[in-house]
Amino acid sequence: MYLNAHSTISFQDTFRKKGYSASISPETINTEPYHPDYDQFVHIMMRRRMSDAMKMSAACAKDCVEQMKGIQPDGIILGTSTGSSAHTKNFIETINAAGDKAISPTSFITSTHNTIAGQLSLLLENRGYNITHTQNSLSFEHALFDAHVCLKEGMEHILVGSAEEKENTLFSLRSKIGTKELNVSHGASFFIVSREPGENNACEIIDLLCHSLVSDPLLALSNFLAKNRRDPETIDLVLYTGDHNRKAWLETFIADRNSINYGKLCGDFMTNSGFALDMAADILSSDENIKGKKTDTILIINYLDENNLGLILLGKTNQ
Amino acid sequence: MKIGVTGTGVISSLGKNLDENIKSLESGISGITYSQKYRLKVGQVALSNKELELITGLQNASRTTLLGVMAAQEAWGNSKIDKAIRTGIISSTSVGGLDKMEQHYLTYLKDPSYPIEKYMIYENGGTTEKIAASLGMEGFIDTISTACSSGANSIMYGARLIKAGILDRVLVGGVDPISTFNLKGFSSLMIYDQEICKPFDKNRNGLNMGEGAGFILLENEHSIARSKNNVICEIKGWGNATDAYHQTASSPEGIGATITMQQAIRKAGLDPEMIDYVNMHGTGTENNDLSETTALRNVFKEDLPFFSSTKGFTGHTLAASGAIEAVFSIESIRHQIVWPNCNFHEPFDPLFTPVLHPLRTEVKNVLSNSFGFGGNCTSLIFSA
C-alpha cells in the first residue's frame, strides 16, 4: 500500500508544511489547531453549517486530491471516535429547549457518525465506496485496514482519513482513560493510498494491526514483527503513544531504540495515530536523520488506550 | 470461494429470537404498537433493560449492548474460539451509548455541576467490545457507523475480509435501540407516520422507528470444516456506493441504489432475471420509496422480481435494519417463502405492487437493500 498524498491539520503547524517534522517539538504545541484559510477549500456558504472537524477534513481531503493532480478516488473511508459530537450535543439541547413545540432538524441531519464521509462525497462529487469506522482508539487503524482491503480487491486509490472534534463535555478522553496527564486536543489527517507509487509518493505502508481487548500486547507486537520478518533492530524509529498507561513492555521497547512520543507533539485524542502517520510520511519523504540516525523504517505504536493495540509499519518505497 | 452463512440471530418487536421473528412474519401481524411514553407508534422490543440484563448476565449496560449480545450469541450458537480459525466481529450502530448519554446529558443541562464526564464513556466502539467480550473474543473487533446502511455495510465488510483471505470467520451485524434523539430527529424532518407505516403505498406518510439487533455468522470452507456448522446459504454479492445528491434525501433517479444493486448482481455472477426476491429498504417515506422503485425499474426494467419491505413489521431499526433484514432474506431462502409487505392498500404505480401475503415459492437468490443518510447505499445478495 503506497502513501501518495498526505495532509494534516493539528495543534502544530503541519498543514502544507513539508519537512515540519524537523521543526516541531512538545514546546511548540498550540492550544488550538493551526487552521488554514478555508476559503480555498470550501465555499463560505457551505462552511456556515460545518463543524470544525468537517472543515478540517474538507481542507485536508482537497489538499490530498490536489497533490494527486485532481484524481477521483475509488472510495472515501473515515475513522472517527466522536463522530459528530457537537451536532449531537446541539440536537439534544434543541430537543430540551423545544418542549412540545416543533424542532428544527438542522443539527439532527448532520449528527450521524458518517456525516464527514458523506459530505466529502458531495464536495468531491464522488460516488464510490464510502464507509465510516468507529472503534475508539483504533478507529483510524480500522479505516486504513479497510483501505488496504479495497486496494487488494483492485481499487486504485482510496482517500482515507481520521477526524475528531474537540468536545470536553461529551466523549471526554479523560473520563475513559482516567488520568490527568492527557492534553486533550483534536485534528484531522487525510491520505491517499494507492496500489502503485505515484509521482509524490512518500512511503510504503508495509503492514497494519488492529487488536482490541489485547491480553498480551508484547506478544502481539512480537508476532507482528516476526510475520513481517523484521528484527526489532531494523526499526529505525518508533512513534508511540501510551506511556501514560505505565506498562513495562512499552517502556522497555521504546527505551531500546530511537523513539518519539507523538502524543506530546499533537496532543491526545482517539485518532491521533492519524497525525503519527502523517509525521512518519513527512520524515520518510524528507529523508531526515532522526537523532543522527538514518530513518528508513518506522513503526507506529498506538497504545493510547491500554485495552487496544494499533500498529503501523512503514518504510521507504522499494526497500 | 464460497462464503457460507452458518448462523443467524435476531431480536426485534417481532420477538426475542429467530423463531419468534419468523412466526410473526408468517402470521402477517406487525410488531409496531403505540407507545404511551413516546406518544408515537414504534417497533419496540418487549423486554426492559432489567429483563435483558437478567437474560444476558450483563449489568449497567447500554441497551445497544444488551440487544446486540442477544442476537450475536444466537448467531454464534455453539461455535468456539479456535486458534486455527482467524475470527473477527464487526458490528454497527448509530445510537451506541447515546441512550444512556442523553439521559445524563439532560441532567447536566439542568445542573452544570453534575459530573457529566463520568458518564461520557459509552461510545459506538465500546458496545462492540462488550459483545465481543461476552463471546470470549479479542483481536479484530470493529464497528461501522453509516446511519441506516450500517448493518448491511458490516456484513459486506465481513464478506470482503473473508474473500481477501484475511479472516476465516466473521460475526457481523448491527444494533440500535429506540432513542428519544432519533424519534425527535425523524419527527423534526416531518417523515414520521402517526399510523403504522405503509411502504410503497400511494398514501404513505413516512416511517416508524423500531429497535433491535441482527447478526449473522460468515465462514469460509476452512472454518466450516473445523466448526462443522451447517451452511444455510451463501453470501454471493455485495455493493456500496454513494448517491452524492443530498445529506438526507435520495436522488429521485435512484442513482446510488441503481449502482449498488447492479454492483451486487455483477459481483454474484448473476443476471437480474435470476433474482427471486428483493427485500427493499422501503421505509415508507415519500422520498425513499419513490427513489428505490425507480432504481428497481432501472435494474430490472419491466420484469420485476417479487419485492417487499418488512419495515411495516419491525419499524425502521436504523443501523440494525440492514442486518435484521439480511437475516430475514436468509430465512426467506431457508423457508422458501417471500415475506409480505404489510399495511399496503393501493400502489402509486401498478408496476410497483409488493407481495402482500407470505408467498411459498422457489427462492434461490435474494437481494437486500439498505440506504442511509449521507447518501450511503448498500445491497447484499444471498443465494441458496
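Chain naming here is simple, since letters A, B, ... match the order of the sequence lines and numbering starts at 1 in each.
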* Considering only heavy atoms, which portion of B:Ile90 lies under 4.5 Å from any heavy atom of chain A: side chain, backbone, both, or neither? -> neither
* To do: Calculate, to the nearest 0.5 Å, the distance between atoms CG and CG belonging to B:Asp142 and A:Asp146 respectively.
  => 8.0 Å
* Any luck finding a side-chain donor-acceptor pair between A:Ser212 and B:Glu129 under 3.5 Å? -> no
* Asked: After noting the C-alpha distance and the side-chain angles of A:His113 and B:Ser150, does the key distance pass the side-chain contact (heavy atoms from CB on, under 4.5 Å) rule?
  -> CA-CA 10 Å; A:His113 258 60; B:Ser150 300; over 6 Å; no
* Proximity breakdown for B:Ile144 and chain A, heavy-atom pairs closer than 4.5 Å -> both
* Asked: Listed by residue number, which members of residues 151-159 of chain A have a heavy atom under 4.5 Å from any heavy atom of chain B?
  -> A:Lys152, A:Glu153
* Asked: In this structure, are over 12 heavy atoms from other groups packed under 6.0 Å from A:Met45 atom CE?
  -> no
* **Residue, of B:Glu138, B:Lys110, B:Met190, that accumulates the most heavy atom pairs under 4.5 Å with chain A** => B:Glu138
* To do: Can you measure from CG (A:Asn96) to CG (B:Leu106) and round to the nearest 0.5 angstrom?
  => 5.0 Å
* Decide yes or no for A:Tyr129 and B:Gln263: does some side-chain heavy atom of the first lie under 4.5 Å from some side-chain heavy atom of the second? => no
* For B:Ser188 and A:Phe91, which heavy atoms make the closest approach, and how far apart are they? -> OG-CZ, 4.1 Å
* Does some side-chain heavy atom of A:His142 sit less than 4.5 Å from a side-chain heavy atom of B:Thr143? -> no
* Asked: With a 4.5 angstrom heavy-atom cut-off, which part of B:Tyr157 approaches chain A: side chain, backbone, both or neither?
  -> side chain
* To do: Given side-chain contact (heavy atoms from CB on, under 4.5 Å), test A:Ile109 with B:Leu189 step by step and report yes or no.
  => CA-CA 9 Å; A:Ile109 290 169; B:Leu189 283 169; 3.9 Å; yes
* Asked: Of all heavy-atom pairs between B:Ser145 and A:Thr134, which one has the smallest distance, and what is that distance?
  -> CB-CG2, 3.7 Å
* Please examine the side chains of A:Asn130 and B:Thr146, heavy atoms only from C-beta on, and report whether any two atoms are closer than 4.5 Å. => no
* Got a second to check how far A:Asn308's CG is from B:Ile141's CD1, nearest 0.5 Å? -> 8.0 Å
* Asked: Is the CZ atom of B:Arg39 crowded by more than 12 outside heavy atoms at less than 6.0 Å?
  -> no
* Asked: Are any non-hydrogen side-chain atoms of B:Phe186 and A:Pro105 less than 4.5 angstrom apart?
  -> no
* To do: With rounding to the nearest 0.5 Å, note down the distance linking CD in A:Gln135 to OG in B:Ser91.
  => 9.0 Å
* For the residue pair A:Phe145 and B:Phe140, does the interplanar ring angle fall in the parallel (under 30°), tilted (30 to 60°) or perpendicular (over 60°) class? -> perpendicular
* **Side chain / backbone / both / neither for B:Met137 at chain A, heavy atoms under 4.5 Å** => backbone
* Heavy-atom side-chain proximity of B:Thr242 to A:Glu125 below 4.5 angstrom -> no
* **Proximity breakdown for A:Ser111 and chain B, heavy-atom pairs closer than 4.5 Å** => side chain
* Asked: CD1 of A:Ile103 to NZ of B:Lys184: how many Å apart, nearest 0.5 Å?
  -> 5.0 Å
* To the nearest 0.5 Å, tell me how far A:Asn114 CG sits from B:Ser94 OG. => 9.5 Å
* Asked: Can you tell which of A:Ala117, A:Cys210, A:Gly128 has the highest number of heavy-atom pairs within less than 4.5 Å of chain B?
  -> A:Gly128
